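Please read the structure below before turning to the comments.
Below, chain A is the first sequence line, B the second, and so on; all start at residue 1. Please read these numbers as outputs of a predicted model, since none were measured by experiment.
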There are 2 protein chains.
Amino acid sequence: MTIPRAAKTQRRTRIQEEKEEQILEAALDVFSVSGFRGSTIDQIAEVAGMSKPNLLYYFRTKEAMHRALIDRVLFTWLEPLRAFDADGNPESEIRSYIRRKLEMARDFPRESRLFANEMLQGAPHVEDELKGPLKQLVDEKAEVIRSWTKAGKIAKCDPYHLIFSIWSTTQHYADFDVQVRAVLGQEHAGAGRFEDAARFLEQLFIDGLKVKPVPSAS
Amino acid sequence: MTIPRAAKTQRRTRIQEEKEEQILEAALDVFSVSGFRGSTIDQIAEVAGMSKPNLLYYFRTKEAMHRALIDRVLFTWLEPLRAFDADGNPESEIRSYIRRKLEMARDFPRESRLFANEMLQGAPHVEDELKGPLKQLVDEKAEVIRSWTKAGKIAKCDPYHLIFSIWSTTQHYADFDVQVRAVLGQEHAGAGRFEDAARFLEQLFIDGLKVKPVPSAS
DNA sequence: TGTAATGTTTACCAATCGGTCAAATTATCG
DNA sequence: CGATAATTTGACCGATTGGTAAACATTACA
């Protein structure tokens with residue numbers, strides 16, 4: 001037998017793991033910038049440093065590569081939300097969630113852009129994951145937040161939109177990095193930018209969610 | 001003379017205006033979903049309901065079409081920020097800025113996605129506009145906000161990151177519309193979604209920016 | 001109306017696209 | 001070692017890409 005396609009093998013060899021890793025790494029580079037339609041196998045092959053047919057030996061189609069990449073990244077991407085603890089102190093939980101999301105935007109901007117690209121295109125490849133596992137996780141955490149508002153631990157607010165606003169503000173620093181850099185210019189460049197953003201967002205969300213004193217008569 | 005290209009004409013005819021409008025409308029449809037690289041002239045031609053060479057009669061290249069589209073959209077897109085009034089009441093200015101941005105995300109989601117796509121790709125076609133006119137406008141408005149914080153009218157905060165967070169939270173509802181829909185599901189669907197988002201964001205930013213009472217001794 | 005400028009389309013081009021194939025090369029293991 | 005399976009690649013395929021040439025159709029206007 002000449003072609004026992006890598007995907008069909010029972011045990012994955014050392015070479016398979018290495019090469020698949022190498023390919024997905026390159027694919028992340030390319031897909032995260034140009035999206036699915038705008039990326040070509042040749043680009044990925046060049047970045048990966050291997051021939052195009054070699055890529056297609058490990059992933060049968062461009063779509064299979066994209067699929068595998070999204071699946072792998074989606075799990076780790078939701079890690080911070082999963083860590084959200086119902087029993088913790090609301091203020092510190094929200095604070096550390098923002099921190100973690102912001103760190104991910106800083107340390108894994110390509111992953112953030114990969115998803116952003118997918119969303120912009122209407123999520124043709126991941127709509128099921130959104131409506132399934134993602135929605136389920138968010139529903140669960142939204143319930144936690146709602147219990148906090150009902151207990152008077154934080155201000156009354158829509159938990160879903162709270163989550164959306166944390167997602168958007170933090171991921172903005174990865175997805176719109178060019179714009180952020182252009183607007184801030186050289187004067188605010190460097191490592192300080194991350195700390196500035198963290199400080200601002202923590203202040204905004206913590207103060208914005210503090211329980212308001214009931215206005216007394218007069 | 002056989003080919004006095006439309007672009008070279010001094011006076012624009014009625015047909016030129018109509019067709020260019022028609023083309024840019026279709027281009028917005030396509031570019032906003034697939035980005036520059038992922039979009040094809042054929043797609044745009046089909047949406048516009050005209051032949052490919054006919055498009056290229058009005059815009060010499062795909063890049064020229066994209067360029068013209070961005071230029072036209074960029075101006076109106078910054079309108080809400082331009083309306084930001086230094087002499088107004090801080091709270092109501094911020095509130096109405098959020099409102100306006102959110103309305104734009106609702107009414108012009110394609111324009112929002114067009115920019116998002118461009119940013120994700122590293123803004124290869126608009127970096128100059130970002131570093132020039134955009135930065136200048138933001139610098140100006142940031143100074144207004146800074147004067148408000150110094151006067152004690154709103155809480156001390158970084159004005160740039162405040163603007164970023166308003167941009168990201170509002171545009172999120174256009175750019176990540178699929179995700180928002182998937183997570184909220186049917187129960188929160190419909191027109192109410194917009195009002196929910198507006199209520200949440202106004203609360204978050206207004207309360208988050210209220211001046212904090214100086215903690216007195218003990 | 002005539003005619004010159006403007007607008008539109010069919011046919012086409014070279015380059016690139018996703019993907020295949022068979023031959024060549026390398027790793028694995030008895 | 002030998003042989004079998006796993007890996008890699010150059011050559012290639014039909015379809016699609018951005019764009020052109022030139023013939024054809026329509027409009028504007030004297």
Side-chain angles (χ1 to χ4, degrees), chain A residues 1-27 29-31 33-69 121 124-125, chain B residues 1-27 29-31 33-69 121 124-125:
Chain A
M1 208 63 69
T2 52
I3 311 170
R5 210 91 189 209
K8 289 196 170 181
T9 316
Q10 311 293 358
R11 301 206 164 277
R12 308 179 66 225
T13 69
R14 175 184 50 87
I15 291 184
Q16 275 176 38
E17 292 200 20
E18 284 179 9
K19 292 295 165 122
E20 287 180 9
E21 172 63 37
Q22 195 177 334
I23 291 169
L24 290 181
E25 166 67 22
D29 254 22
V30 176
F31 281 135
V33 169
S34 303
F36 182 74
R37 286 221 47 186
S39 303
T40 71
I41 303 183
D42 295 85
Q43 285 180 324
I44 300 172
E46 198 190 330
V47 173
M50 38 205 298
S51 67
K52 176 165 67 173
N54 205 2
L55 293 212
L56 293 164
Y57 173 73
Y58 291 100
F59 298 94
R60 268 200 277 272
T61 64
K62 178 178 157 186
E63 201 156 336
M65 266 176 44
H66 190 255
R67 219 303 151 347
L69 185 58
Q121 284 160 37
H125 305 97
Chain B
M1 208 66 67
T2 52
I3 312 168
R5 213 92 189 208
K8 289 197 171 181
T9 315
Q10 311 294 358
R11 299 206 165 278
R12 308 179 65 225
T13 68
R14 174 184 51 87
I15 292 183
Q16 274 177 38
E17 291 199 21
E18 283 178 10
K19 293 294 166 123
E20 287 180 9
E21 172 63 38
Q22 196 176 332
I23 291 170
L24 290 181
E25 166 68 22
D29 254 22
V30 176
F31 280 135
V33 169
S34 303
F36 181 75
R37 287 220 48 186
S39 303
T40 71
I41 303 183
D42 296 83
Q43 286 180 324
I44 301 171
E46 198 190 331
V47 173
M50 38 205 299
S51 67
K52 176 166 66 172
N54 206 1
L55 293 213
L56 292 163
Y57 173 73
Y58 291 101
F59 298 94
R60 267 200 277 273
T61 64
K62 179 177 158 186
E63 201 156 336
M65 267 176 44
H66 190 255
R67 215 315 152 339
L69 185 58
Q121 284 160 38
H125 305 97

List, with names and distances, any nitrogen or oxygen atoms from the protein found under 3.5 Å away from nitrogen or oxygen atoms belonging to nucleotides 24-27 of chain C.
none

The correct set of residues in residues 37-44 of chain B placing a heavy atom under 4.0 Å from DNA chain D is Ser39(B), Thr40(B), Ile41(B), Asp42(B)
Compute the bend angle of the helix from dT1(C)-dA30(D) to dG30(C)-dC1(D) from the end axes (five pairs per end), rounded to 10°. 10°
Do you know the tightest heavy-atom contact between [X] and [Y]?
X	Y	answer
Val33(B)	Asp29(B)	CG2-O, 3.6 Å
Ala27(A)	Met65(A)	CB-CE, 3.8 Å
Ser39(B)	Ser34(B)	OG-CB, 3.5 Å

Glu20(A) and Phe59(A), any side-chain heavy atoms less than 4.5 Å apart: yes
Round to a whole Å and report the spacing from [atom1] of [X] to [atom2] of [N].
X	N	atom1	atom2	answer
Leu55(A)	dG18(C)	CG	C1'	12 Å
Glu20(A)	dT8(D)	CD	P	11 Å
Ile23(A)	dT7(D)	CD1	P	11 Å
Tyr57(A)	dT7(D)	OH	P	4 Å
Met50(B)	dT8(C)	CE	P	6 Å
Arg67(A)	dG18(C)	CZ	P	19 Å
Phe36(A)	dC17(C)	CZ	P	14 Å
Lys19(B)	dT9(C)	NZ	C1'	12 Å

Counting distance alone, no hydrogens or angles: does the base of dG18(C) have a donor or acceptor under 3.5 Å from a partner atom on the side chain of Lys52(A)? yes
Is it the case that dG19(D) (base atoms only) and Lys62(B) (side chain only) share a donor and an acceptor within less than 3.5 Å, ignoring hydrogens and angles? no
Among [options], the nucleotide that comes nearest once only the side chain of [X] is considered:
X	options	result
Tyr58(A)	dT7(D), dT10(C), dG19(D)	dT7(D)
Ser51(A)	dT9(D), dT20(D), dA6(D)	dT9(D)
Gln16(B)	dG19(D), dT6(C), dT8(D)	dT6(C)

Which residues pass the side-chain contact (heavy atoms from CB on, under 4.5 Å) test with Asn54(B), sequence neighbours left out? Met50(B), Ser51(B), Tyr57(B), Tyr58(B)
Across all chains, not counting sequence neighbours, the side-chain hydrogen bond (donor to acceptor under 3.5 Å, both in side chains) partners of Glu63(B) are none
When rounded to the nearest 0.5 angstrom, what distance separates [atom1] in [X] from [atom2] in [Y]?
X	Y	atom1	atom2	value
Ile23(B)	Ile41(B)	CD1	CD1	10.5 Å
Lys62(B)	Leu56(B)	NZ	CG	11.5 Å
Leu24(A)	Leu55(A)	CG	CG	10.0 Å
Ile44(B)	Gln22(B)	CD1	CD	13.0 Å

Tell me, which pairs form a salt bridge (charged side-chain N to carboxylate O under 4.0 Å, His left out) where one or both residues lie in residues 36-46 of chain B, sequence neighbours left out?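 As it turns out, the salt bridge (charged side-chain N to carboxylate O under 4.0 Å, His left out) pairs with a partner in residues 36-46 of chain B, which skip direct neighbours, are Asp42(B)-Lys52(B).
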Tell me whether the rings of Phe31(A) and Phe36(A) are parallel (<30°), tilted (30 to 60°) or perpendicular (>60°). parallel
